[in-house]
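Note sheet for the following structure.
Proteins come first, then strands; the chains are lettered A, B, ... in the order of their sequence lines, and each starts at number 1.
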There are 2 protein chains.
Amino acid sequence: MKANNHVPVYVTIFSELRDRIVNGSLGPGEMLPSENELCAKYRASRETIRKGLKQLEQAGLIYSSPRRGYFVNTPQHNKFTLSFSQDIGNGEVRFKDIRIIRPTAEIQEALNIPSNRKVIAFYRGNYKGERQIGLEIKYVPYDRGLPTIEDEINFAVFPEAADAKATSFSYYTELNIQAVTASGEILSMLDCSPEDPLLLLKRTYITQSGEHIGYSKQYLIPPYGELHGVSGYVQKNTH
Amino acid sequence: MKANNHVPVYVTIFSELRDRIVNGSLGPGEMLPSENELCAKYRASRETIRKGLKQLEQAGLIYSSPRRGYFVNTPQHNKFTLSFSQDIGNGEVRFKDIRIIRPTAEIQEALNIPSNRKVIAFYRGNYKGERQIGLEIKYVPYDRGLPTIEDEINFAVFPEAADAKATSFSYYTELNIQAVTASGEILSMLDCSPEDPLLLLKRTYITQSGEHIGYSKQYLIPPYGELHGVSGYVQKNTH
DNA sequence: AAGTGGTCTAGACCACGTT
DNA sequence: ACGTGGTCTAGACCACTTT
């Protein structure tokens, strides 16, 4: 049976079950009707029903337990999808300094390297107009022939800005968020006072083969240095 | 053609294409072979091929453009899936105080209420053993007959701890992360100094109908108050 | 005109949980 | 023994893009 306005059948199934879960008439832990029952109810083939159920599963609303049935999930509100505020993500970046240093214990651990392996440190400032809103230091192992500084910059240090075709999905990022104050050299490179609380984002760049190709510390000054996220099932308008 | 060790064909398709994308032999923006070509290559039916491609799409590696083809995505590293550290998520929570207050401008805006609408404020401490690692204040509109304080606590203030069957997916959470220092009353309820930088998590609880049912401010003390996240495509072992 | 992805069907076999 | 979800097939029609 076709739905009315060119709405695919599986979307109808998804929507109706989603509504029942969202409004509570299907509560967490409850079992959904079996695929065959839904086939009968919607007069659709099993694959079509499964398509709708798959969407619910991917939205995090249900899970399937093979040979038992589908069940409503218990909502998770301690996991968030986080994105950077526009100011940081789209703001201006200015080069500040570049150094070759001995790794601190922190950097050794983050990059998984011995103490005698030197590291290149890149200093960049985040700006919004003339106002500095952050400072980012990226550390990259200094090694393997070192093609040229330029190549290192393009492909290892700032992969997000480099030729996307070359970097691809070859790495992912681990993120750690802390609140800190700045001191010493860091403070002098930031436009703030010693008592100002800052967000510190530590990121480790890891290839799919497990190699740690970079480590960065980014200091963000309030009120620009804010992060935003959402958790749970956010209602989306049909795109 | 069946795969070797009971590995579904669509998983094989997913894995092989994923590897080609991850190792760069299929770069961002490149078009994948068409479904029909993949059908021929893997000697599988079109729906099976589509299943594998769907997985790649949901992993964020590719996207499909109807009537044109499938294309490799450009990786996004400014979106993170974030979760709380174990200490916070699994730590102990102790009740501290409960008050009925006039909403500040901040709370009015967060809860979307007028200034004459009173608010219940719940104060809770996060502990790890005897060490306090955080303070959370939840604000809930004081209204609609007020069933009993207990009900408010169970179903509006601490839904994550209440009967899951009653709360369901009826709300989602918006999160904001800042770095701050504590002062005045907040400071006195926290086990830290005025100059200690703290993480401040502001959360707004929103029902699917758009109603703002709660607002909370959680202060976290380093080094326990840390957040962790990942971005990009993280290799997972087949569970 | 040929090719593409989007939707859908009506079957099939399997492994396993429940009764 | 029966029901369940997991996998898979070989078709079909559609709307649209590309050539």
Side-chain angles (χ1 to χ4, degrees), chain A residues 1-18 20-21 26 29-73 236 238-239, chain B residues 1-18 20-21 26 28-73 236-239:
Chain A
M1 176 188 275
K2 284 278 174 87
N4 296 334
N5 294 323
H6 301 110
V7 175
V9 177
Y10 75 89
V11 172
T12 305
I13 296 162
F14 167 79
S15 304
E16 292 193 11
L17 289 173
R18 177 202 57 196
R20 288 180 59 189
I21 293 170
L26 271 172
E30 263 189 73
M31 199 199 291
L32 273 68
S34 76
E35 293 179 355
N36 285 329
E37 288 173 313
L38 292 170
C39 287
K41 175 172 180 185
Y42 288 97
R43 283 188 251 228
S45 75
R46 206 176 135 221
E47 286 292 355
T48 301
I49 297 293
R50 283 175 63 78
K51 211 165 184 174
L53 291 169
K54 195 73 178 176
Q55 300 240 318
L56 286 169
E57 191 175 3
Q58 256 128 12
L61 291 165
I62 66 172
Y63 65 93
S64 83
S65 178
R67 291 166 288 283
R68 298 208 306 127
Y70 290 87
F71 301 86
V72 178
N73 254 327
K236 290 171 201 140
T238 45
H239 39 72
Chain B
M1 174 188 275
K2 283 278 174 89
N4 296 334
N5 294 323
H6 302 109
V7 175
V9 177
Y10 74 90
V11 172
T12 305
I13 295 162
F14 167 78
S15 304
E16 292 192 10
L17 289 173
R18 176 202 58 196
R20 288 180 59 188
I21 294 171
L26 271 172
E30 265 189 72
M31 198 200 290
L32 274 66
S34 76
E35 292 179 354
N36 284 330
E37 287 173 313
L38 292 169
C39 286
K41 175 171 179 184
Y42 288 98
R43 284 188 250 229
S45 74
R46 208 177 132 218
E47 285 293 356
T48 301
I49 297 294
R50 283 176 63 78
K51 211 165 183 174
L53 291 169
K54 194 74 177 175
Q55 300 240 317
L56 286 169
E57 191 175 3
Q58 256 128 11
L61 291 165
I62 66 172
Y63 65 94
S64 84
S65 179
R67 292 166 287 284
R68 298 208 307 127
Y70 291 87
F71 301 87
V72 178
N73 255 326
K236 290 171 201 140
N237 297 327
T238 45
H239 35 69

Integer-rounded Å distance: [N] [atom2] and [X] [atom1]:
X	N	atom1	atom2	value
B:Glu57	C:dG6	CD	P	7 Å
B:Glu35	D:dA10	CD	C1'	15 Å
A:Ile49	C:dC8	CD1	P	10 Å
A:Ile13	C:dT7	CD1	P	12 Å
B:Arg50	C:dT4	CZ	C1'	10 Å
B:Phe14	D:dT7	CZ	P	13 Å
A:Leu38	C:dT9	CG	P	13 Å
A:Met31	D:dG3	CE	P	14 Å

Sugar-phosphate means primed atoms, P, OP1 and OP2; the rest is base. With that split, encode nucleotides 11-19 of chain D 5' to 3' as B, S or - using protein heavy atoms under 4.0 Å.
-B--BBSS-
Output, in order, the C-alpha distance, side-chain angles, deciding distance and verdict of side-chain contact (heavy atoms from CB on, under 4.5 Å) for A:Glu35 and A:Tyr70.
CA-CA 9 Å; A:Glu35 293 179 355; A:Tyr70 290 87; 2.8 Å; yes
Can you work out whether B:Asn36 or A:Tyr10 has the more 5'-proximal nearest nucleotide on DNA chain C?
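Per heavy-atom nearest nucleotide, the more 5' residue is B:Asn36.
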Between B:Leu53 and B:Leu38, does the side-chain contact (heavy atoms from CB on, under 4.5 Å) criterion hold? Intermediate values first, please.
CA-CA 10 Å; B:Leu53 291 169; B:Leu38 292 169; 4.1 Å; yes
Sequence-distant partners of A:Thr48, side chain to side chain donor-acceptor pair (under 3.5 Å), two or more places apart:
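With sequence neighbours excluded, A:Thr48 shows a side chain to side chain donor-acceptor pair (under 3.5 Å) to A:Ser45, given in chain and number order.
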